[in-house]
Asker: 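Sharing a structure with you now.
Small disclaimer: the values here were computed from a predicted structure and weren't measured. We number each residue from 1, following the sequence as shown.
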Amino acid sequence: MLEIRGLHSGYGKIEALHGIDLDVPEGEIVSLIGANGAGKTTLLMTICGRPAATRGSIRFNGRDITRLRTHEIAALGIAHAPEGRRIFPRMSVLENLQMGAILCDPSHFAEDLDDVLTLFPRLRERISQRGGTLSGGEQQMLAIARALMSRPRLLLLDEPSLGLAPLVTKQLFGNILRINRERKMTILLVEQNAFQALRLADHAHIIVNGRIEISGPGAALLNDPAVRAAYLEGIRPQAEVMP
Ligand code: ATP
């Protein structure tokens with residue numbers, strides 16, 4: 001579904017990605033893990049057109065989207081739930097969800113709204129509350145729900161577990177798995193929580209200083225001694241979320 005080849009990107013004179021090759025096959029969860037500053041967020045943002053790629057190509061369902069503008073990329077069915085829970089803080093939960101659906105045919109709004117509120121019942125309880133007053137976990141749910149309201153074909157999730165308590169993280173990863181399995185949603189997941197991200201992933205990639213260093217099935221990386229030593233040291237198995 002998504003094919004990235006030789007991708008370079010950055011901010012002015014600072015190059016953050018130095019030739020990324022990555023595929024996201026339809027229906028899969030693909031996880032991207034790496035340390036702070038490795039380039040994970042930059043990769044998701046470059047897929048969305050800002051910052052623009054300086055070299056290389058991004059193809060989505062066979063179409064070259066490398067030079068498209070952000071709104072054109074969104075209109076093709078790529079939704080980005082950004083890191084830091086960047087919801088609209090002064091808008092209510094409902095208004096945030098309406099913003100997510102802004103490019104969609106209004107005739108299926110009610111059905112889609114019911115759908116995401118069934119997935120995240122907490123948001124139904126908080127429907128009139130301002131986004132900025134939600135808890136961290138609720139804001140993260142809202143960011144994902146807002147992205148789903150655009151009926152995407154590919155969902156880009158940036159650090160959904162950032163700053164969340166272990167129990168909330170567990171519920172959130174359970175929901176990500178449901179979105180993938182029940183809705184057949186293709187997901188590119190960026191995470192620092194390497195254990196959870198590898199458990200969930202069909203395929204995973206480890207990014208180091210703007211380059212993909214290790215790739216493989218999530219389960220294989222989970223058992224790779226080098227990966228375990230670098231990313232999973234000290235993580236205890238009770239953090240598991242898989243059914
Ligand atoms: P984290 O896990 O800490 O969020 P990350 O892997 O998502 O890290 P990026 O945010 O993509 O990393 O950053 C990659 C590199 O690009 C870093 O060296 C960072 O300092 C730099 N960078 C990110 N945003 C900007 C910006 N707006 N201007 C200049 N440099 C930036």
Side-chain angles (χ1 to χ4, degrees), residues 1-9 15-47 80-85 136-137 140 143-144 154-181 185-243:
M1 177 177 263
L2 190 75
E3 295 172 317
I4 298 175
R5 294 290 175 270
L7 188 71
H8 291 247
S9 172
E15 188 176 82
L17 303 179
H18 315 291
I20 299 283
D21 293 317
L22 184 142
D23 286 321
V24 182
E26 180 148 20
E28 288 200 0
I29 296 179
V30 173
S31 291
L32 186 67
I33 64 173
N36 289 120
K40 305 181 296 296
T41 296
T42 303
L43 179 59
L44 293 194
M45 287 169 56
T46 305
I47 293 168
H80 184 201
E83 131 181 76
R85 312 164 195 140
Q140 201 55 267
I144 297 172
L154 172 65
L155 182 61
L156 309 178
L157 293 179
D158 197 349
E159 306 255 13
S161 76
L162 193 72
L164 301 186
L167 187 62
V168 184
T169 300
K170 185 175 169 179
Q171 289 166 349
L172 194 70
F173 279 106
N175 267 330
I176 292 169
L177 196 61
R178 280 180 61 198
I179 292 166
N180 169 253
R181 298 283 152 85
M185 183 72 68
T186 309
I187 297 175
L188 177 55
L189 169 69
V190 157
E191 260 295 330
Q192 276 196 47
N193 188 331
F195 185 79
Q196 305 284 25
L198 294 178
R199 293 273 303 179
L200 235 57
D202 296 293
H203 286 94
H205 305 269
I206 297 184
I207 181 167
V208 180
N209 293 329
R211 292 185 175 84
I212 303 284
E213 294 264 307
I214 305 174
S215 299
L221 264 57
L222 206 50
N223 293 315
D224 182 317
V227 173
R228 293 192 79 89
Y231 297 96
L232 302 169
E233 199 83 326
I235 294 176
R236 289 175 301 160
Q238 57 259 47
E240 292 179 17
V241 293
M242 301 284 278

Asker: Measure across Arg228 and Leu222 and return the closest heavy-atom pair with its distance rounded to 0.1 Å.
Answerer: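 Closest pair (atom of Arg228, atom of Leu222, distance): NH1-O, 2.6 Å.
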Asker: Using modelled atom types only, decide if a donor and an acceptor are shared between the side chain of Asn223 and the backbone of Ala219 within a distance under 3.5 Å.
Answerer: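 At least one qualifying donor-acceptor pair exists.
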Asker: So which atom in Leu157 and which in Ala81 form the shortest heavy-atom distance, rounded to 0.1 Å?
Answerer: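 Reported closest heavy-atom pair: CD2-CB, 3.7 Å.
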Asker: Give me the atom names and distance for the closest heavy-atom approach of Ser31 to Ala201.
Answerer: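 Nearest pair, atom of Ser31 first, then Ala201: OG-CB, 3.4 Å.
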Asker: Taking the side chain from Gln140 and the backbone from Pro160, do they hold a donor-acceptor pair closer than 3.5 Å?
Answerer: yes
Asker: From Leu188 CG over to His80 NE2, what is the distance, rounded to the nearest 0.5 angstrom?
Answerer: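 It is 9.0 Å, given to the nearest 0.5 Å.
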Asker: Enter the distance from Thr169:OG1 to Leu162:CG here, rounded to the nearest 0.5 Å.
Answerer: 9.5 Å
Asker: For Leu221 and His205, run side-chain contact (heavy atoms from CB on, under 4.5 Å): C-alpha distance rounded to whole Å, both residues' side-chain angles, the deciding distance at 0.1 Å, then the answer.
Answerer: CA-CA 9 Å; Leu221 264 57; His205 305 269; over 6 Å; no
Asker: With a sphere of 6.0 Å drawn around CG of Asn209, does it hold more than 12 non-hydrogen atoms of other residues, nucleotides or ligands?
Answerer: no
Asker: If I take atom CD from residue Gln196 and atom NZ from residue Lys170, how far apart are they, to the nearest 0.5 angstrom?
Answerer: 9.0 Å
Asker: When rounded to the nearest 0.5 angstrom, what distance separates CG in Leu2 from CD in Glu28?
Answerer: 12.0 Å
Asker: How far apart are the C-alpha atoms of Leu7 and Ile47, what are their side-chain angles, what is the distance that settles it, and do they pass the side-chain contact (heavy atoms from CB on, under 4.5 Å) test?
Answerer: CA-CA 10 Å; Leu7 188 71; Ile47 293 168; 5.6 Å; no
Asker: Assess whether side-chain contact (heavy atoms from CB on, under 4.5 Å) is satisfied between Arg5 and Asp23, documenting all intermediate values.
Answerer: CA-CA 9 Å; Arg5 294 290 175 270; Asp23 286 321; 2.9 Å; yes
Asker: State, to 0.1 Å, how close Pro25 and Thr186 come at their nearest heavy-atom pair, and which atoms those are.
Answerer: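 Heavy-atom minimum between the residues: O-CG2, 3.4 Å.
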Asker: Might you point out which heavy atoms bring Gly27 and Asp202 nearest each other, and give the distance in Å?
Answerer: O-OD2, 4.4 Å
Asker: Taking Ala35's backbone N and O only, do any of them form a donor-acceptor pair with Lys40's side chain (distance below 3.5 Å, no angle check)?
Answerer: yes
Asker: Mind running side-chain contact (heavy atoms from CB on, under 4.5 Å) on Ile207 and Ile20 for me, showing each step along the way?
Answerer: CA-CA 9 Å; Ile207 181 167; Ile20 299 283; 3.8 Å; yes
Asker: Test side chain to side chain donor-acceptor pair (under 3.5 Å) on Glu191 and Ser161 and set out the steps.
Answerer: CA-CA 8 Å; Glu191 260 295 330; Ser161 76; 2.9 Å; yes
Asker: Any side-chain heavy-atom pair from Leu172 and Ile144 closer than 4.5 angstrom?
Answerer: yes
Asker: Can you name the one residue among Leu17, Ile4, Leu22 that meets side chain to side chain contact (heavy atoms under 4.5 Å, CB included) with Ile212?
Answerer: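 The passing option is Leu22.
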Asker: Which pair of heavy atoms, one from Ser9 and one from Thr42, lies closest together, and at what distance?
Answerer: OG-CG2, 4.1 Å
Asker: To the nearest 0.5 Å, how far apart are CD1 in Ile29 and CG in Leu198?
Answerer: 12.0 Å
